[in-house]
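Heads up, the thing below is written out as structure tokens.
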Amino acid sequence: MSDVLHECPPGQGEDQVPPPSRSALDAEAVKVAYRRWAGVYDTVFGGISGVGRRRAVEAVNALSGRNVLEVGVGTGLALPFYTQDKCITGIDLSGDMLARARERVQKEHLTNVDGLLEMDAEETSFADASFDIAVAMFVASVVPHPRKLLRELKRVVRPGGHILFVNHFLAPTGVRGAVERGMARASRSLGWHPDFAMESLLPPEDLARACIQPVPPLGLFTLVTLDRI
């Protein structure tokens with residue numbers, strides 16, 4: 001997790017500061033990795049990431065606005081937790097994960113899910129200002145260009161709307177940080193970056209005004225809320 005933790009202040013800009021270097025991970029590597037994970041994802045990651053997903057959905061449910069874009073919807077683990085007044089569109093790069101999400105929607109009769117689409121989060125086909133809220137769950141450390149993801153979410157969310165991320169971020173120091181940097185060599189196999197720094201996603205202007213909250217267990221994940229100005 002980043003060493004910067006604030007509550008919720010008032011600022012925008014683009015990425016003038018280059019993000020920290022990370023292991024290369026392209027879209028095809030992500031697809032291959034998540035094709036392997038699809039069948040066991042809920043079992044392996046569902047538990048440890050469950051609190052983060054529920055916290056993110058709780059935050060979305062508390063915000064005004066109906067049309068919600070969930071980026072990296074995966075197998076649809078978060079979908080049952082949205083309130084009925086939210087209309088959810090989910091996107092993911094993995095068709096294998098989306099197939100399981102569609103099964104979940106049918107099995108649990110989730111009538112507020114408007115669509116589940118295979119799409120690149122860095123370059124979607126949505127019109128400008130299509131959504132009131134965008135929430136990206138555990139996807140910022142997966143995409144090849146996190147700042148491009150942020151710019152795309154700013155494009156598709158209307159001014160006055162909200163952008164949320166829940167993610168694991170690199171511990172800047174200590175044993176955990178050393179372990180995460182050591183694991184970075186396995187990024188392509190894992191399908192995500194263990195050494196992902198918050199500064200790789202948020203330029204200084206956005207970092208200064210974001211609401212940043214640690215999420216259990218043990219602050220391993222972080223919820224970031226950014227108003228679209």
Side-chain angles (χ1 to χ4, degrees), residues 27-126 130-143 149 152-153 156-157 161-168 189-192 215-217 220-225:
E28 191 54 39
V30 173
K31 287 183 178 181
V32 170
Y34 282 88
R35 189 173 300 129
R36 291 196 304 268
W37 285 120
V40 297
Y41 186 87
D42 293 3
T43 302
V44 175
F45 294 108
I48 193 169
S49 67
V51 175
R53 291 179 197 279
R54 287 193 292 275
R55 286 286 180 89
V57 174
E58 287 170 6
V60 169
N61 288 339
L63 293 170
S64 60
R66 173 171 170 77
N67 294 317
V68 178
L69 173 64
E70 184 180 328
V71 180
V73 67
T75 62
L77 283 168
L79 294 176
F81 300 106
Y82 292 100
T83 53
Q84 281 297 311
D85 63 319
K86 302 298 185 190
C87 181
I88 314 302
T89 299
I91 65 171
D92 203 282
L93 195 60
S94 170
D96 298 273
M97 302 284 272
L98 284 170
R100 294 181 179 271
R102 293 186 184 106
E103 291 174 4
R104 189 185 305 276
V105 168
Q106 291 186 343
K107 182 180 178 182
E108 302 197 27
H109 307 290
L110 303 178
T111 57
N112 61 338
V113 178
D114 189 53
L116 295 169
L117 308 171
E118 188 171 340
M119 197 176 291
D120 186 343
E122 294 184 358
E123 193 172 353
T124 73
S125 59
F126 301 117
S130 292
F131 298 96
D132 302 305
I133 303 165
V135 55
M137 301 191 193
F138 307 105
V139 72
S141 54
V142 172
V143 297
L149 168 66
E152 182 66 358
L153 297 188
V156 301
V157 172
H162 309 277
I163 299 170
L164 296 87
F165 297 93
V166 64
N167 215 88
H168 167 80
S189 298
L190 291 170
W192 55 284
V215 173
L220 186 60
F221 303 120
T222 302
L223 177 63
V224 179
T225 306

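Scope of the values below: all heavy atoms of this structure, side chains included, with no hydrogens, waters or symmetry mates.
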Atom pair CG/OG1 of N167 and T222 - distance to nearest 0.5 Å: 8.0 Å
Atom pair CG/CZ of L79 and R102 - distance to nearest 0.5 Å: 11.5 Å
Close side-chain approach of F126 and E152, heavy atoms under 4.5 Å: no
Heavy-atom closest contact (G76 atom, A101 atom, distance): N-CB, 3.7 Å
Check: C87 main-chain N/O paired with D114 side-chain donor or acceptor under 3.5 Å: no
Pairwise side-chain contact, D96 with R100, heavy-atom cut-off 4.5 Å (strictly under): no
Check: R54 and V57 side chains under 4.5 Å, non-hydrogen atoms: no
Donor-acceptor pair between S94 and D92 side chains, under 3.5 angstrom: no
Closest contact, heavy atoms only, V157 versus I133: CG2-C, 4.3 Å
Exceeds 12 heavy-atom contacts within 6.0 angstrom, atom CD of Q84: yes
Atom pair CZ/CD1 of R66 and I88 - distance to nearest 0.5 Å: 9.0 Å
Any F131 side-chain heavy atom under 4.5 Å of V68 side chain: no
Close side-chain approach of S141 and H168, heavy atoms under 4.5 Å: no
Backbone of L98 reached by a side-chain donor or acceptor of E118 within 3.5 Å: no
Candidates I163, V135, L153 - the one meeting side-chain contact (heavy atoms from CB on, under 4.5 Å) with L69: L153
D132 side-chain N/O to G161 backbone N/O, donor-acceptor pair under 3.5 Å: no
Closest contact, heavy atoms only, G65 versus K86: O-NZ, 2.5 Å
Heavy-atom closest pair, residues V215 and R55: CG1-CG, 4.1 Å
Heavy-atom closest contact (A121 atom, V71 atom, distance): CB-CG1, 3.4 Å
R53 side, atom CZ; F138 side, atom CZ - distance, nearest 0.5 Å: 5.5 Å
Minimum-distance pair of heavy atoms, taken over all atoms of E70 and Y82: OE1-OH, 2.8 Å
N112 side chain to T83 backbone, donor-acceptor under 3.5 Å: yes
Under 3.5 Å donor-acceptor, R104 side chain and T75 backbone: yes
